[in-house]
Amino acid sequence: NFNEMQRLLSERAPNTKFDTVVFEKQTLKSQAQWMSDHDVIVAAHGNALTNAAFIRPGSIVMELFPPNYYIVGFFQPLIVESGGLALNWHQGDTPIEDTLANWSSRGSMRGADFAPDSDYVVAAILNATQ
């Protein structure tokens with residue numbers, strides 16, 4: 001779904017530069033540098049967001065949660081303490097209630113593929129950059 005987000009952002013913010021990264025095979029130094037080099041970061045909830053400690057003040061970090069899995073205040077405090085603006089996307093109208101109702105199967109939810117609402121994500125990012 002990142003391709004759709006890139007397409008929408010390209011249309012709505014034509015001067016935006018995009019790149020993607022997978023941190024699993026990178027050194028800590030290169031991960032820290034990547035985070036520090038970017039103004040807007042969109043990432044699925046997961047360990048890679050511990051690198052939010054390396055963002056520049058004023059960076060926007062949008063955390064995407066899989067269905068039925070929304071943990072309030074997980075990486076948001078780290079993002080805020082690092083000087084960033086924490087945004088998030090979750091599926092449904094009652095994410096906390098959905099998470100609690102499905103808590104016993106949370107392990108499988110964390111690894112599930114999901115497709116965030118591209119329009120929502122792009123609109124939230126553009127709104128935050130205003």
[atom1]/[X] to [atom2]/[Y] distance, rounded to the nearest 0.5 angstrom?
X      : Y     : atom1 : atom2 : answer
Ile55  : Asp37 : CD1   : CG    : 13.0 Å
Phe54  : Leu28 : CZ    : CG    : 4.5 Å
Gln31  : Lys25 : CD    : NZ    : 12.5 Å
Phe18  : Asn3  : CZ    : CG    : 10.5 Å
His90  : Thr99 : NE2   : OG1   : 9.0 Å
Ile125 : Ile41 : CD1   : CD1   : 10.5 Å

What pair of heavy atoms forms the shortest contact from [X] to [Y], and how long is it?
X      : Y      : result
Ile60  : Ala128 : CD1-CB, 3.7 Å
Pro116 : Met5   : CG-CE, 3.8 Å
Tyr120 : Met62  : CE2-CE, 4.3 Å
Ser59  : Arg56  : OG-O, 2.9 Å
Val40  : Thr129 : CG2-CG2, 4.4 Å
Ala13  : Leu126 : CB-CD2, 3.9 Å

Considering residues, nucleotides and ligands other than Glu11, do more than 12 of their heavy atoms fall under 6.0 Å from its CD?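 Yes, the 6.0 Å shell around CD holds more than 12 heavy atoms from other groups.
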Is atom CG of Asn47 surrounded by more than 12 heavy atoms (other residues, nucleotides or ligands) closer than 6.0 Å?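 Count not over threshold, so no.
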Side-chain heavy atoms under 4.5 angstrom apart, residues restricted to Ile, Leu, Val, Met, Phe, Trp, Tyr: same cluster for Val22 and Val42?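 The answer is no; the residues belong to distinct hydrophobic clusters.
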With under 30° as parallel and over 60° as perpendicular, where do the rings of Phe65 and His45 fit, or are they tilted in between?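 The arrangement is parallel - the two ring planes meet at less than 30°.
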What verdict does the side-chain contact (heavy atoms from CB on, under 4.5 Å) test give for His38 and Asp19, after you've listed the backbone C-alpha separation in whole Å, the side-chain angles of each residue and the deciding distance to 0.1 Å? CA-CA 10 Å; His38 290 79; Asp19 63 23; 3.0 Å; yes
Distance-only, no hydrogens or angles: does the Asn51 side chain make a donor-acceptor pair with backbone N or O of Ala48 under 3.5 Å?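 A pair under 3.5 Å: yes.
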Which donor-acceptor pairs under 3.5 Å do side chains of residues 70-86 form with protein atoms, sequence neighbours excluded?
from  : atom 1 : to    : atom 2 : distance (Å)
Tyr70 : OH     : Asn88 : ND2    : 3.3
Gln76 : OE1    : Gly73 : N      : 3.1
Gln76 : OE1    : Phe74 : N      : 2.8
Ser82 : OG     : Ala52 : O      : 3.3
Ser82 : OG     : Leu78 : O      : 2.8

Can you tell if the side chain of Phe23 reaches within under 4.5 Å of the side chain of Val21, non-hydrogen atoms only?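 A side-chain contact under 4.5 Å exists here.
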Are Leu64 and Phe2 close enough that some pair of their side-chain heavy atoms sits under 4.5 Å apart?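 Touching, per the 4.5 Å side-chain cut-off.
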In sequence, state the C-alpha distance, the side-chain angles, and the governing distance for Leu100 and Ile96, and then conclude on side-chain contact (heavy atoms from CB on, under 4.5 Å). CA-CA 6 Å; Leu100 293 174; Ile96 295 169; 4.1 Å; yes
